[in-house]
Amino acid sequence: MLQKGKKKEGGGPPVFLAKGRKPGTKTVRAVLCLLLAVLVLIPAGRCLFSEELETTFYHLYSPKVLGGGNIRVVVLSDLHNREFGPGNQELIQRITALEPDLIAIAGDMVNGDDLDTSVLTELCSGLLEVAPVYLSPGNHENHLMYEEGIPLEEELTALGVHVLVNRAEEVTVQRTPLLIGGLNTAPEGYEEYGAAFFREYEKSPRLKLLISHYPSLYYEALAEGKVDLGICGHFHGGQVRLPIVGGLYHGDTGLFPKYSGGLYQLTEGAIFVSRGMGGHNRLGRFNNRPELAVVDINGRQETALRG
């Protein structure tokens, strides 16, 4: 809007003045808003695409834990030959500080197209100085063992790792009798390779921990199985983690895997699904940092399950 001004001295037409903001105000505001957005988005982007190892904690109530004790299980899965520090020393140091009673490895710690398994064997050598290690193979270990003829099971067993291939071992932890099993078959091979083992396994009155790489076993085959805690991996957290929704995608199931990461209550127990620590495809992680998980099992009903 123009406003009539005073006449110039000596005559002449009146001067019209612009009414409103000073020249350049809109530009300055736009630049400031842009700078503010950049300052906010850069840290947010670093966080959302972060590959920094994250330690997560979960609590599971079980009346089978005796004397008010606590059994701490550290869960690893889907490392895919990744290293956190030279020789995975950063990972080993973190686990040491957590003081676990046992370490459960849910498979795919190697890559099926890489015959060098030294990342896994060196990691297990370090972990065995911290706590007993129980490992059930994933599809990548299975490929190396059964298709490529790599004696990985023998190598790990020689180190002292409890390699569980459709079998279980009894152990007592914090005065509580446990039965730790491993089911290494995919859902499509369950009836042929795993069903007989599992039918015997679930009869035990002990606190039962079952390490099985595939969460999709719990879609149908094990949905009503008597397992106190199933430990799985494979889905890599759904690659992209969405608020409320959870994991976005995995090649086995398509969009929105049912159990993509976290602790889930089932009919006869619970399962924990690790988001994993590495990857074997070109897809990046979004809002889905590599996970070092801790599950504390005790007789104190403290918190709800988190998924």
Side-chain angles (χ1 to χ4, degrees), residues 58 60 62 64 73 75-78 104-109 112 134-147 153 162-170 178-239 246-276 280 293 295 297 305-307:
Y58 296 84
L60 177 65
S62 175
K64 293 183 180 180
V73 183
V75 178
L76 310 178
S77 82
D78 299 274
I105 300 180
D108 277 10
M109 302 293 280
Y134 295 82
L135 180 148
S136 185
N139 49 293
H140 283 261
E141 286 90 2
N142 285 338
H143 176 80
L144 291 181
M145 291 189 297
Y146 304 128
E147 301 296 328
E153 182 177 354
H162 302 263
V163 182
L164 304 174
V165 178
N166 299 329
R167 69 181 190 88
E169 294 183 6
E170 294 182 346
L178 275 71
L179 184 62
I180 304 176
L183 185 62
N184 78 321
T185 181
E188 56 269 23
Y190 172 74
E191 288 298 330
E192 183 176 0
Y193 301 109
F197 156 71
F198 185 75
R199 280 193 291 268
E200 290 301 313
Y201 174 80
E202 67 175 343
K203 293 177 183 178
S204 173
R206 289 173 168 250
L207 177 64
K208 293 185 286 293
L209 273 63
L210 182 66
I211 309 170
S212 52
H213 184 63
Y214 297 91
S216 46
L217 281 166
Y218 290 90
Y219 285 10
E220 294 183 8
L222 306 183
E224 298 183 359
K226 294 179 175 62
V227 177
D228 296 290
L229 177 62
I231 297 172
C232 309
H234 191 56
F235 283 171
H236 295 192
Q239 213 69 48
L248 177 64
Y249 177 83
H250 188 269
D252 285 5
T253 60
L255 292 172
F256 309 116
K258 187 175 181 180
Y259 306 126
S260 61
L263 195 57
Y264 302 87
Q265 184 69 57
L266 302 183
T267 304
E268 298 288 344
I271 61 170
F272 173 75
V273 181
S274 167
R275 301 198 313 265
H280 190 248
V295 182
I297 312 171
L305 294 178
R306 295 181 288 167

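Heavy atoms only: backbone and side chains are in, while hydrogens, waters and symmetry mates are out.
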Kindly write out the residues that satisfy side-chain contact (heavy atoms from CB on, under 4.5 Å) with Glu147, not counting sequence neighbours, or none if the list is empty.
-> His143
With Ala293 via side-chain contact (heavy atoms from CB on, under 4.5 Å) - residues at least two apart | Thr56, Val75, Phe272, Glu291
How would you list, by chain and number, every residue that makes a side chain to side chain donor-acceptor pair (under 3.5 Å) with [X], sequence neighbours excluded?
X      : value
Asp228 : Lys64
Glu169 : His162, Arg167
Asn184 : Asn142, Asn166
Glu200 : Lys203

Which atom pair, heavy atoms only, marks the closest approach of [X] to [Y]?
X      : Y      : value
Gly181 : Phe197 : CA-CZ, 4.4 Å
Ser204 : Leu179 : CB-CD2, 3.5 Å
Leu207 : Ser62  : CD1-OG, 3.5 Å

Side-chain atoms of residues 209-216: list all donor-acceptor pairs with protein atoms under 3.5 Å, sequence neighbours left out, distances to 0.1 Å.
from, atom 1, to, atom 2, distance (Å)
His213, ND1, Ala106, O, 2.6
His213, NE2, Asp108, OD2, 3.0
His213, NE2, Asn139, OD1, 3.1
His213, NE2, His234, ND1, 2.9

Salt bridge (charged side-chain N to carboxylate O under 4.0 Å, His left out) involving Glu220 - partner list, sequence neighbours excluded = none
Between atom [atom1] of [X] and atom [atom2] of [Y], what is the distance when rounded to the nearest 0.5 Å?
X      : Y      : atom1 : atom2 : value
Tyr146 : Glu153 : OH    : CD    : 5.5 Å
Leu164 : Ile180 : CG    : CD1   : 7.5 Å
Leu229 : Ile297 : CG    : CD1   : 5.0 Å
Glu202 : Lys208 : CD    : NZ    : 7.5 Å

Taking ring pair (Phe, Tyr, Trp, His ring centres under 6.0 Å) as the test, write out the residues that go with Tyr218, two or more places apart.
-> none
Tyr219: what forms a ring pair (Phe, Tyr, Trp, His ring centres under 6.0 Å) with it, not counting sequence neighbours?
-> Tyr259
Any pair with a residue in residues 186-195 that passes side-chain hydrogen bond (donor to acceptor under 3.5 Å, both in side chains), sequence neighbours left out, goes on the list, sorted by first then second residue, please.
-> none
Can you find a pair of side-chain heavy atoms, one from [X] and one from [Y], that are under 4.5 Å apart?
X      : Y      : value
Val295 : Ile231 : no
Leu217 : Leu183 : yes
Met109 : Leu76  : yes

Would you say Glu268 has more than 12 foreign heavy atoms packed within less than 6.0 Å of its CD?
-> yes
Could you please spell out the steps behind the side-chain contact (heavy atoms from CB on, under 4.5 Å) verdict for Leu222 and Val227?
-> CA-CA 9 Å; Leu222 306 183; Val227 177; 5.7 Å; no
